[in-house]
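This report refers to the structure that appears directly beneath it.
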Amino acid sequence: MQLHWHRDDLRVADNLALSTATDRAAERGPVAPVFVFDDDVLAHGSPNRVAFMLDALSQLREAYRDRGSDLLVRHGDPREVLPALATELGAVSVTWAEGYSGLANERDAAVRQRLDAVDVARESVTDALHHEPGSITTNDGDPYSVYTYFWKKWRDRPKADPVDAPEAGALADAADLPDPEPLPTLADLGFAEPTATIQPAGTEAARDRVTAFCDGPVYDYAERRDYPADGCTSRLSADLKWGTIGIREVYEETAAAADLADSESDRESVQEFQSQLAWREFYHHVLFFNPEVVSANYKEYEHPIEWRNDPAELQAWKDGETGYPIVDAGMRQLREEGYMHNRVRMIVASFLTKDLLVDWREGYAHFREHLVDHDTANDNGGWQWAASTGTDAQPYFRIFNPMTQGERYDPDAEYITEYVPELRDADPSLIHGWHEASELMREQGAPEYARPIVDHGERREQALAMFKSARGEE
DNA sequence: CTAACGTTAAT
DNA sequence: TTAACGTTA
């Protein structure tokens, strides 16, 4: 018998760690899959994300049952649970897919030690990225801290093909496994019911999303991906976070779409999407080589940044009550769906850090609380980018103008009015010009909607001064 | 060989 | 402004 420990690889197909084990079933015995509910990890969970995870787990269990096997579930510390289960089942080895954050790797190292102590083998398998940290470096061999050159190397490197789901015969027969425990409910795990409506999880749903995306929207992606009302993004972020679909399978679908493209611009559009897959890997590399960035600035300033951190303004941002329509729409989408369109994520992040002058860690924590697709590497990379504390130096100061962003990317205020009902009867020109509209215009157009809590022009100057002094220039 | 400098482009 | 690269000294 062998064990495969599922973590954020909740699928049977295109799963390299699982396949590594099942390929050796003839010598080492069939593979029993297990998932461990770990309180230390759940402590960082949230109703939205854990609800998605439970859905994914239930689909995963079905996939195993279809193959005559079953998914074991245990609750506890993996350092205790896995050696005990391996001993109970007489397993000779345990596989799992490598993580990329410092905390996960510390825990995994401890699990490995405990397995060593009971003479159970463990083989290291990398699965979640096309190109592992260390495999794409500058010509001097250093990890990249700017994206562009990373992308060129990532793009030109050959990609592995997906691997098939294991044969049923390589999996442990359900009859030879301990009686299955039911999956816990959210309440069992101590979470409230999610307030958001969450998209269906599991490999089938993820494959449907890939197919639908590659069937058309991918060709508009380059041109339309920044328009939140358009819906031509892949919506795969949560699937990639939980590994309900393999990264090789996703890439293969996009490559097939590129082959079917009937113009150069369509092909380029597919490549624009592939570039987003590369961003994900770039930020995983950054986190792997700089595990401290989860809580520290990547970029070092001469002096600490003197964030303003006003609690009332932070709360207004969380509540979607800032009086800046595109910001409020995004923050309300986050509450309602556990999701936010990527362009809008950048806008609300810029607003929190540059208009409200609140530390990016507050924003990161709020995203972690609500996003179904929250991923340490991606979210940290995105927040630090917006906060000007991350990778990727820029010539001008990265301060978005929330009015310009709204006008440019949601000209008809379609996205805004979907999430901010107080503005439904208002003219788009009033919505975009809300910050400079007269009180009379506001009363007539949208009496219920919040008044702007800050003046963007003033706050922009304050933000510039805050960074100037952090740089030691004043 | 390395250090210095100019070029490029940045979601 | 800055990282990375390529070229030059």
Side-chain angles (χ1 to χ4, degrees), chain A residues 131 133-157 217-218 220-228 230 232-234 236-237 240 254 265 267-286 289-290 293 297-303 305 326 330 340-351 353-354 360 375 377-402 404-406 408-410 460 463-474:
Chain A
H131 306 300
S135 69
I136 292 188
T137 62
T138 67
N139 295 344
D140 284 346
D142 297 322
Y144 277 103
S145 63
V146 299
Y147 175 71
T148 316
Y149 292 103
F150 175 90
W151 156 242
K152 286 178 182 162
K153 286 190 180 164
W154 190 94
R155 178 194 62 193
D156 295 340
R157 197 149 298 185
V218 72
D220 297 321
Y221 186 76
E223 206 173 318
R224 302 301 300 173
R225 72 197 171 89
D226 275 323
Y227 295 82
D230 269 28
C232 78
T233 58
S234 72
L236 284 170
S237 50
L240 291 175
T254 66
S265 82
R267 245 184 309 279
E268 281 169 13
S269 187
V270 175
Q271 201 170 78
E272 189 66 45
F273 177 72
Q274 291 172 336
S275 165
Q276 302 306 309
L277 298 177
W279 268 106
R280 171 179 171 272
E281 307 210 351
F282 173 68
Y283 281 140
H284 280 76
H285 290 202
V286 170
F289 286 113
N290 309 277
V293 299
N297 295 340
Y298 175 89
K299 180 183 159 68
E300 283 185 25
Y301 282 91
E302 191 123 346
H303 305 295
I305 301 168
I326 188 82
M340 197 191 306
H341 185 278
N342 186 249
R343 166 58 48 181
V344 190
R345 292 188 198 199
M346 293 192 267
I347 297 171
V348 303
S350 175
F351 190 81
T353 54
K354 307 296 170 59
W360 62 266
D375 172 278
N378 292 330
D379 280 2
N380 187 271
W383 271 102
Q384 296 226 38
W385 179 87
S388 303
T389 63
T391 56
D392 188 26
Q394 287 278 294
Y396 49 89
F397 239 86
R398 185 177 286 121
I399 299 178
F400 283 8
N401 181 320
T404 316
Q405 292 282 320
R408 187 180 302 159
Y409 296 114
D410 192 29
R460 183 175 180 282
L464 290 171
M466 181 176 81
F467 279 98
K468 205 169 182 184
S469 89
R471 291 163 65 96
E473 286 165 15
E474 225 154 90

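Below, chains carry the letters A, B, ... as their sequence lines are ordered, and counting in each starts from 1.
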Next on the checklist: Expressed as a whole number of angstroms, how long is the span from F150(A):CZ to dA10(B):C1'?
Outcome noted: 16 Å

Item to check | Partner set under ring-ring contact (aromatic ring centres under 6.0 Å, His included) for Y283(A), not counting sequence neighbours | outcome: W279(A)

Checklist entry - Taking only residues two or more places apart in sequence, or in another chain, which ones meet R155(A) in a side-chain contact (heavy atoms from CB on, under 4.5 Å)? => result W151(A), K152(A), Q271(A)

Checklist entry - By ring-ring contact (aromatic ring centres under 6.0 Å, His included), which residues pair with Y144(A), not counting sequence neighbours? => result none

Checklist entry - Looking at residues at least two apart in the chain, or sitting in another chain, which of them share a ring-ring contact (aromatic ring centres under 6.0 Å, His included) with H341(A)? => result none

Next on the checklist: Under the rule for ring-ring contact (aromatic ring centres under 6.0 Å, His included), what residues qualify as partners of Y301(A), not counting sequence neighbours?
Outcome noted: F467(A)

Checklist entry - Taking only residues two or more places apart in sequence or in another chain, which ones pass side-chain contact (heavy atoms from CB on, under 4.5 Å) with N297(A)? => result I305(A), W360(A), R361(A), Q384(A), T389(A)

Checklist entry - Should the pair D230(A)-R343(A) be classified as a salt bridge under the 4.0 Å nitrogen-to-oxygen rule? => result no

Item to check | Whole angstrom value for the distance that separates C1' of dT11(B) from CG of N342(A) | outcome: 10 Å

Checklist entry - At under 4.0 Å between heavy atoms, what does W151(A) touch on the DNA or RNA strands: base, sugar-phosphate, or nothing? => result nothing

Checklist entry - Is R343(A) touching bases, backbone alone, or none of the nucleic acid, heavy atoms closer than 4.0 Å? => result nothing

Checklist entry - NZ of K152(A) versus C1' of dT11(B): gap in Å, rounded? => result 13 Å

List, with names and distances, any nitrogen or oxygen atoms from the protein found under 3.5 Å away from nitrogen or oxygen atoms belonging to nucleotides 4-8 of chain C.
from, atom 1, to, atom 2, distance (Å)
dA4(C), OP1, S145(A), N, 2.8
dA4(C), OP1, S145(A), OG, 3.4
dC5(C), OP1, Y144(A), OH, 2.8
dC5(C), OP2, N139(A), N, 3.3

Checklist entry - Base, sugar-phosphate, or nothing: which does D142(A) touch, judged by heavy atoms less than 4.0 Å apart? => result nothing

Checklist entry - Going by number, which of residues 267-274 of chain A have a non-hydrogen atom under 4.0 Å from DNA chain C? => result none

Checklist entry - What's the OH-P distance between Y147(A) and dA10(B), to the nearest Å? => result 11 Å

Checklist entry - S388(A): what forms a side-chain hydrogen bond (donor to acceptor under 3.5 Å, both in side chains) with it, not counting sequence neighbours? => result K354(A)

